[in-house]
Amino acid sequence: MLLQMITQSLVFLLMATLFSALTGLPWSLYNTFVIEEKHGFNQQTLGFFMKDAIKKFIVTQCILLPVSSLLLYIIKIGGDYFFIYAWLFTLAVSLVLVTIYADYIAPLFDKFTPLPEGKLKQEIEIMAKSIDFPLTKVYVVEGSKRSSHSNAYFYGFFKNKRIVLFDTLLEEYSVLNKDIREESGMEPRNDGEGDSEEIKAKVKNKKQGCNNEEVLAVLGHELGHWKLGHTVKNIIISQMNSFLCFFLFAALIGRKELFAAFGFFDSQPTLIGLLIIFQFIFSPYNEVLSFCLTVLSRRFEFQADAFAKKLGKAKDLYSALIKLNKDNLGFPVSDWLFSMWHYSHPPLIERLQALKNSKQD
């Protein structure tokens, strides 16, 4: 009986995620090949996009289905305190996924190569050592084959930290900037006199990335999140929320009227209970929590900027933020109420103002 219930739940979950993927595909295509293409961000072909989408779906199912089956099993056999076991299980899964993602999952989609020996790598290692960051490796990810958006992050537990830089972040490394050099040598076509101006505009718009000092400033900001304990604080908050949700789920799962309201009069499937409670009953709570986390995230961003200042990187971070905002076509002015509710990062002008007072001459 238990095996049958889990099997039925997994079939339902597979069909639901497949339906969601298929119905969301047109919007994803529009976003990538119309909106992103219009603004010069998209670097994908249709074939690459579809291959990527299929790969993502398969990898997701390989993780989702086994984890869901074990979670349902724990809920059914866990007794009165199943919510504790379920929470511990999801905690363990989260830690495992965080540990293996960058080494085993992310490389399925993007190419990671070690940052070549040179001045930039040497300066990154010096900065990491100065704040006792246990850096072991620095990678460059080939994000330019997918999009011209740029990013940088670190990952790893304990004494095994690694830094990942998007190639689009590095002015000297970006494939898009190599394209500029090629395009600048192109001859205008004969079918229109305006082509040369069009090429010039395209070249101007595609120049992107940060110089070495600005990259170090961006990394100083990211390492500030580690040094100030922001990552650990976010994990603790996330797990406290997860425990609370499972506790409330345990209190609500036995209420028949809850299932009856959604048309389940004769049965109370556990998976349906999870979906109803976590997606609908918790919806108002999730909105409030999301707002609180947004406020906290913005505070963390200001603190990380201030940490970069202490490293003597205020001037370079100032210019890097402007470049990144320009590269990503960000709008520097935002309504304070809208940004307070929706933006996990402070608007550009607020960050620049905070940096301006102590920017080095």
Side-chain angles (χ1 to χ4, degrees), residues 1-29 50 53-101 105 234-293:
M1 192 69 171
L2 178 59
L3 180 60
Q4 182 182 5
M5 184 276 293
I6 292 177
T7 303
Q8 290 175 344
S9 297
L10 293 183
V11 171
F12 170 80
L13 194 59
L14 177 61
M15 294 176 64
T17 52
L18 179 60
F19 176 79
S20 178
L22 292 176
T23 54
L25 183 60
W27 303 106
S28 184
L29 286 167
M50 295 305 299
I54 294 171
K55 197 185 298 183
K56 286 179 182 177
F57 182 81
I58 293 173
V59 171
T60 299
Q61 298 310 311
C62 288
I63 297 172
L64 179 64
L65 296 182
V67 169
S68 298
S69 62
L70 287 172
L71 179 61
L72 292 172
Y73 180 77
I74 291 170
I75 291 173
K76 295 304 289 186
I77 69 165
D80 294 337
Y81 298 100
F82 77 84
F83 62 93
I84 297 177
Y85 309 133
W87 169 69
L88 290 173
F89 171 70
T90 56
L91 171 61
V93 170
S94 299
L95 294 177
V96 169
L97 288 178
V98 168
T99 302
I100 69 172
Y101 174 78
I105 300 177
N234 282 329
I235 291 174
I236 292 173
I237 292 171
S238 173
Q239 292 309 314
M240 289 175 62
N241 174 64
S242 178
F243 181 82
L244 176 62
C245 288
F246 276 118
F247 174 77
L248 295 175
F249 170 77
L252 295 172
I253 190 64
R255 303 187 70 88
K256 294 182 179 181
E257 59 270 24
L258 191 64
F259 288 87
F262 287 84
F264 291 87
F265 299 100
D266 301 323
S267 61
Q268 295 175 257
T270 303
L271 179 62
I272 299 300
L274 282 167
L275 295 176
I276 291 173
I277 293 171
F278 278 83
Q279 287 191 7
F280 298 102
I281 304 301
F282 288 170
S283 182
Y285 163 74
N286 288 335
E287 286 296 323
V288 175
L289 177 65
S290 176
F291 172 72
C292 293
L293 292 178

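Keep in mind that the numbers below use all heavy atoms, side chains included, and drop hydrogens, waters and symmetry copies.
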The test is side-chain contact (heavy atoms from CB on, under 4.5 Å); show your working for Ile277 and Leu258 and say whether it passes. CA-CA 9 Å; Ile277 293 171; Leu258 191 64; 3.7 Å; yes

Please walk me through it: do Leu71 and Val93 pass side-chain contact (heavy atoms from CB on, under 4.5 Å)? CA-CA 10 Å; Leu71 179 61; Val93 170; over 6 Å; no

Tyr101 OH: over 12 foreign heavy atoms closer than 6.0 Å: no

Enclosure of Phe247 CZ (heavy-atom neighbours >12, cutoff 6.0 Å): no

Answer yes or no: is there a side-chain heavy-atom contact under 4.5 Å between [X] and [Y]?
| X | Y | result |
| --- | --- | --- |
| Ile84 | Phe243 | yes |
| Ile281 | Leu248 | no |
| Phe57 | Thr17 | yes |
| Leu70 | Phe89 | yes |
| Ser238 | Asn234 | no |
| Gln239 | Ser242 | yes |
| Ile276 | Leu252 | no |
| Val98 | Ile235 | no |

Checking the side chain of [X] only, and the main-chain atoms of [Y] only, is there a donor and an acceptor separated by less than 3.5 Å?
| X | Y | result |
| --- | --- | --- |
| Ser290 | Asn286 | no |
| Thr90 | Ala86 | yes |
| Ser68 | Leu64 | yes |
| Thr7 | Leu3 | yes |
| Thr60 | Lys56 | yes |

If every non-hydrogen atom of [X] is compared with every non-hydrogen atom of [Y], which pair is closest and at what distance?
| X | Y | result |
| --- | --- | --- |
| Tyr285 | Cys245 | CE2-SG, 4.2 Å |
| Ser69 | Ile6 | CB-CG2, 3.8 Å |
| Ile253 | Ala250 | CG2-O, 3.6 Å |
| Gln61 | Pro66 | O-CD, 3.6 Å |

Is it the case that the ring center of Tyr73 lies less than 6.0 angstrom away from the ring center of Phe82? no

Step by step, would you call Phe262 with Leu275 a side-chain contact (heavy atoms from CB on, under 4.5 Å)? CA-CA 11 Å; Phe262 287 84; Leu275 295 176; over 6 Å; no

Test ring pair (Phe, Tyr, Trp, His ring centres under 6.0 Å) applied to Phe246 and Tyr81, Trp87, Phe278, Phe282, the passing residue: Phe278

Can you check side-chain contact (heavy atoms from CB on, under 4.5 Å) on Leu72 and Leu274, steps first, answer last? CA-CA 10 Å; Leu72 292 172; Leu274 282 167; 4.0 Å; yes

